[in-house]
**Q** 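One structure coming up, written as structure tokens, with questions to follow.
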Protein chains: 2
Amino acid sequence: MRIRIIELNRIRDPELNRISAYCSGNASPEWGIAMSGKRSPARRPTMKDIARHAGVSQSAVSFALNGRPGVSDDTRERVRQVAEELGWRPSTAARALSGEGAATVGFVLARPADTLGVDSFFLQLVSGIQEVLAERHLGLLFQVVEDIAGECAVYRRWWAEHRVDGVLVVDPRTDDPRPGLLDELGLPAVVIGGAPDDRHPGLSTVWADDAGAMASVVDGLYALGHRRIVHIAGLPGLAHTERRVRTLRAEAGRRGLSEVKSVTTDYSDAEGAAVTRRVLEGPTPPTALIYDNDVMAVAGAAAASELGFSVPADVSVVSWEDSALCRMVKPWLSALSRDSVEFGRTAARELTALLDGGSARAVRVPVPRLIPRQSTGAARTP
Amino acid sequence: MRIRIIELNRIRDPELNRISAYCSGNASPEWGIAMSGKRSPARRPTMKDIARHAGVSQSAVSFALNGRPGVSDDTRERVRQVAEELGWRPSTAARALSGEGAATVGFVLARPADTLGVDSFFLQLVSGIQEVLAERHLGLLFQVVEDIAGECAVYRRWWAEHRVDGVLVVDPRTDDPRPGLLDELGLPAVVIGGAPDDRHPGLSTVWADDAGAMASVVDGLYALGHRRIVHIAGLPGLAHTERRVRTLRAEAGRRGLSEVKSVTTDYSDAEGAAVTRRVLEGPTPPTALIYDNDVMAVAGAAAASELGFSVPADVSVVSWEDSALCRMVKPWLSALSRDSVEFGRTAARELTALLDGGSARAVRVPVPRLIPRQSTGAARTP
DNA sequence: TTTAGTGACTAATGCGCATTAGGATCATCG
DNA sequence: CGATGATCCTAATGCGCATTAGTCACTAAA
């Protein structure tokens, strides 16, 4: 049916080839499908088909399938069965067009392609997000861009194209343009990892208490006798980096520790190792290192060993991210563990709540727990 | 405008809350947006708006913006400018509905959530795919499912919902139900990592020559004097696993090596280490180990060291996947390196070609190169 | 017996866009 | 000078669905 139409179009307008996408899957390039013996691709059933099969009007079908009043229980059941038999599913395009939203949620990852390294966090996060979205048949539109500007452009485009009903924002920054933009566009959004923000009451937030975690890590290290601590932090602009850095400074101040500092990096193994070398080669090397991710922790621990520092005898190492990596090196790295999959689930749940008309709120997920392994120990008393 | 409509609906049908998604972004839960002083969210401009501003009919706008004949160059330019000013973008829903396809490509990852570990391959692959799709404003719909059956269900749903124009299939298996299904649905698809398959001429394939790579690895190890080689392979059902296993057997047969074998695993660090221990503790331990991914290689190398085997003096290690991981352990692991991002780009390009009406084909990407590092060396002569 | 009311439907409309079928207004040619 | 095309536009239609406005038959109330 559709095929024939395409053929006609083809004849009338030779350069019109976009439509051909529909049948290119198993069509020969010669447009011979309908004529050749080959089975043509199955046709999507529509409500009209259901109506015909069930002997009612389209509207009745719509009422029946959407649980609206206006049809008898008998008819409703019959329509449902026919729909089932035909394998009908509502066309998201048509639904979106008639005001229902696109049944899709957007997720943008802003980082250069070559920076996409060994990082289990995002895949797990996305996996958790999926789990919740899938239950409600919501799709996840995923995009990787170079930077925040690109991310904003994507949001604008998605909004203008009517592609998504809401978005999940990751890696919030201090002075971030995204919340404002999303507010302006009226696009429901959940910020993952951002602290609650009064300026954008329309956005929900799902966040971990980095401050609390940092405080407890410092507590632990202090109790082990560590007085010189270096925090090899992540990207400087990120909100959670700032929170950690600030908390570390506060904790140090509270205890009167002067040789405690944070150094920001780009999260790469290379910088992690480089910074480690730099601080350990200084006049008064730290006795404890806190790394903002597992990759840097592993690279840093290796760098320390190379310099002749024994872990944990000479220097303790804590990874702010737990993964298989931490158990793939010797000594096993003590790490702050959080459930990234659950984090994703929570974020997705908040977004669906928002889509259902709920009001925005800030949800705090459990403080990451420190899993003590072999890389932390008492500070060597000088 | 829309707001008012929603309010009316709300009054008539209190339990109708799906529509609310549109304004929940910055709407108070009280539906007071229109009345309150707050700026209501911007409204999407449509072609009607453009037509009004430009003083022409909607059709003229359509012709102008789609490069169709029927409007003067003057008008065309004017319309384009207005569209630009208004920040207009075609509604994908409307486009899809009028037969243009959904401007979206699907990607399903079939693996249990907890198996989503440290794996840079997929993120890089997706990143490459994105790069190509983004150029053409094609969206990527991403979904994680538990298994192949779930994946098939997703394809069916996407097809019935008219959500995607084509899909990218990863991890092809021997005796895979997916190509047949996609053929049946007439959904254009590119199989990533599968060998060319005559049975489904409608599907394109992008694949690496695992056989060639395996042969060259065996060549290299043989030249170094290795005669007892164990291949710690990935999942048994996967097409590329089978290719590698078969090739290894053939190569061994060709050289008359009897102590060469493959052991399949689940790709996890745990199994990688376990299998390593088992084979090294046997009566005649292998002198070379080939791991099907970086995670197992690292875990395996560590396990070997723990057993007292020195790498590479006692046993050589090759990782069939290069990543930062391979340079994060000592000794650095020799690895087969491929450009996953480019792999993704190639796959995406094949799919867009298919969507443009091109015919299916099988594209071979370059054979992965072996990067010799510190983990491979001459076999200890017994 | 008329009137109002209700339950169960069908017809008709709009969403935003692509496309087709028709006008109008010209210039060109026989 | 009227017929024939071009050229440039506008009106109208359909995609698949949700929704609104009828319609019709039947029942309960007045």
Side-chain angles (χ1 to χ4, degrees), chain A residues 1-2 5-6 8-9 12-13 16 18-19 22 43-52 54-76 78-79 83 86 88-103 160-163, chain B residues 1-2 5-6 8-13 16 18-19 22 43-52 54-76 78-79 83 86 88-103 160-163:
Chain A
M1 199 62 167
R2 178 177 285 288
I5 292 165
I6 290 168
L8 292 177
N9 285 344
R12 301 183 63 105
D13 186 354
L16 173 68
R18 270 181 297 176
I19 288 184
Y22 272 111
R43 198 176 66 84
R44 284 191 65 247
T46 70
M47 287 179 47
K48 201 187 268 177
D49 299 318
I50 300 177
R52 190 151 27 79
V56 292
S57 72
Q58 261 194 56
S59 333
V61 173
S62 179
F63 293 152
L65 296 175
N66 292 313
R68 290 281 143 84
V71 285
S72 65
D73 289 351
D74 271 8
T75 308
R76 192 183 297 279
R78 191 155 40 89
V79 167
L86 263 46
W88 178 86
R89 291 246 73 212
S91 150
T92 45
R95 273 231 153 107
L97 201 53
S98 50
E100 290 281 340
E161 290 179 351
H162 208 121
R163 253 181 191 282
Chain B
M1 199 62 170
R2 176 177 287 288
I5 292 166
I6 291 169
L8 291 177
N9 285 343
R10 183 74 178 181
I11 290 163
R12 301 184 64 105
D13 186 354
L16 172 66
R18 271 182 296 176
I19 287 183
Y22 272 110
R43 197 176 67 84
R44 281 190 66 250
T46 71
M47 286 180 45
K48 201 187 266 178
D49 299 317
I50 300 178
R52 190 151 26 79
V56 293
S57 72
Q58 262 193 55
S59 333
V61 173
S62 178
F63 292 152
L65 295 175
N66 291 312
R68 290 281 145 82
V71 285
S72 65
D73 289 350
D74 270 10
T75 309
R76 192 182 298 277
R78 191 155 40 91
V79 168
L86 262 48
W88 178 86
R89 291 248 72 212
S91 150
T92 46
R95 273 230 153 108
L97 202 54
S98 49
E100 289 281 338
E161 290 179 350
H162 209 122
R163 253 180 192 283

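All chains are named by letter (A, B, ...) in the order of the sequence lines, taking the proteins before the strands, and each is independently numbered beginning at 1.
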**Q** Can you give me the closest heavy-atom contact between A102(A) and A96(A), atom names plus distance?
**A** CA-CB, 4.0 Å

**Q** Expressed in angstrom and rounded to an integer, what is the separation of M47(B) atom CE from dG14(C) atom C1'?
**A** 16 Å

**Q** Mind checking S62(B) for me? I need base, sugar-phosphate or nothing, with any heavy atom below 4.0 Å counting as a touch.
**A**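 Base: the residue S62(B), judged by heavy atoms under 4.0 Å, touches a nucleobase.
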
**Q** Round to a whole Å and report the spacing from CD of E161(A) to C1' of dG16(C).
**A**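 In whole Å, dG16(C) C1' lies 13 Å from E161(A) CD.
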
**Q** Take the protein atom CD1 of I50(B) and the nucleotide atom P of dC17(C), then report the distance between them rounded to whole Å.
**A**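 Result: 7 Å.
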
**Q** Nearest to the side chain of N66(A), heavy atoms from C-beta on, is which of dA18(D), dC17(D), dC17(C)?
**A**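 Closest nucleotide to the N66(A) side chain: dA18(D).
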
**Q** Any side-chain heavy atom of V79(B) sitting closer than 4.5 Å to one from V71(B)?
**A**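 A side-chain contact is absent here, since even the closest heavy-atom pair is not under 4.5 Å.
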
**Q** Could you pull out the closest heavy-atom pair between Q58(A) and A51(A), with the gap in Å?
**A**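 Residues Q58(A) and A51(A), closest heavy atoms: N-CB, 3.9 Å.
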
**Q** Whole angstrom is fine here: how far is it from NE2 in H162(B) over to C1' in dG16(C)?
**A**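 Computing the H162(B):NE2 to dG16(C):C1' distance gives 15 Å.
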
**Q** Just to verify, what does R89(A) make a salt bridge (Lys or Arg N to Asp or Glu O under 4.0 Å) with, not counting sequence neighbours?
**A**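 If we apply the salt bridge (Lys or Arg N to Asp or Glu O under 4.0 Å) test to R89(A), skipping adjacent residues, the hits are E161(B).
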
**Q** With axes from five pairs an end, tell me the bend angle of the helix from dT1(C)-dA30(D) to dG30(C)-dC1(D), nearest 10°.
**A**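 Both end axes considered, the difference amounts to 70°.
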
**Q** May I have the distance from K48(B) (atom NZ) to dA18(C) (atom C1'), rounded to whole angstrom?
**A**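 K48(B) atom NZ is separated from dA18(C) atom C1' by 16 Å.
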
**Q** In whole angstroms, how far is the C1' atom of dC15(C) from the CG atom of L97(A)?
**A** 4 Å

**Q** Per the side chain to side chain contact (heavy atoms under 4.5 Å, CB included) rule, which among D49(A), I50(A), T46(A) passes with V61(A)?
**A** I50(A)

**Q** So, is W88(B) close to the dC17(C) phosphate, meaning a side-chain N or O under 4.0 Å from OP1 or OP2?
**A**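 For dC17(C), OP1/OP2 do have a side-chain N/O of W88(B) under 4.0 Å.
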
**Q** Taking atom C1' of dT19(D) as reference, at what distance in whole Å does atom CG of L65(A) sit?
**A** 15 Å

**Q** Whole angstroms only, please: what is the CZ-P distance between R95(A) and dC15(D)?
**A**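 Rounding to the nearest Å, CZ of R95(A) and P of dC15(D) are 19 Å apart.
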
**Q** Within the distance-only criterion (no hydrogens, no angle test), does the side chain of R76(A) pair as donor or acceptor with the backbone N or O of R68(A) below 3.5 angstrom?
**A** yes

**Q** Checking contacts here: which listed nucleotide (dC15(D), dT19(C), dG16(D)) is nearest the side-chain heavy atoms of R44(A)?
**A**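 So the side chain of R44(A) is nearest to dG16(D).
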
**Q** Given side-chain contact (heavy atoms from CB on, under 4.5 Å), test S62(A) with M47(A) step by step and report yes or no.
**A** CA-CA 8 Å; S62(A) 179; M47(A) 287 179 47; 3.4 Å; yes

**Q** Could you list, one pair per line, each protein nitrogen or oxygen that sits under 3.5 Å from a nitrogen or oxygen of nucleotides 6-10 of chain C, together with the distance?
**A**
{"from": "dC9(C)", "atom 1": "OP1", "to": "T75(A)", "atom 2": "OG1", "distance (Å)": "2.9"}
{"from": "dC9(C)", "atom 1": "OP2", "to": "S72(A)", "atom 2": "N", "distance (Å)": "2.6"}
{"from": "dC9(C)", "atom 1": "OP2", "to": "S72(A)", "atom 2": "OG", "distance (Å)": "3.1"}
{"from": "dC9(C)", "atom 1": "OP2", "to": "T75(A)", "atom 2": "OG1", "distance (Å)": "3.1"}
{"from": "dT10(C)", "atom 1": "OP1", "to": "S57(A)", "atom 2": "N", "distance (Å)": "3.4"}
{"from": "dT10(C)", "atom 1": "OP2", "to": "S57(A)", "atom 2": "N", "distance (Å)": "2.7"}
{"from": "dT10(C)", "atom 1": "OP2", "to": "S57(A)", "atom 2": "OG", "distance (Å)": "2.5"}

**Q** Minimum heavy-atom separation for T92(A) and H162(B), please, with both atom names.
**A** OG1-O, 4.2 Å

**Q** Measure across P90(B) and R95(B) and return the closest heavy-atom pair with its distance rounded to 0.1 Å.
**A** CG-NH1, 2.9 Å

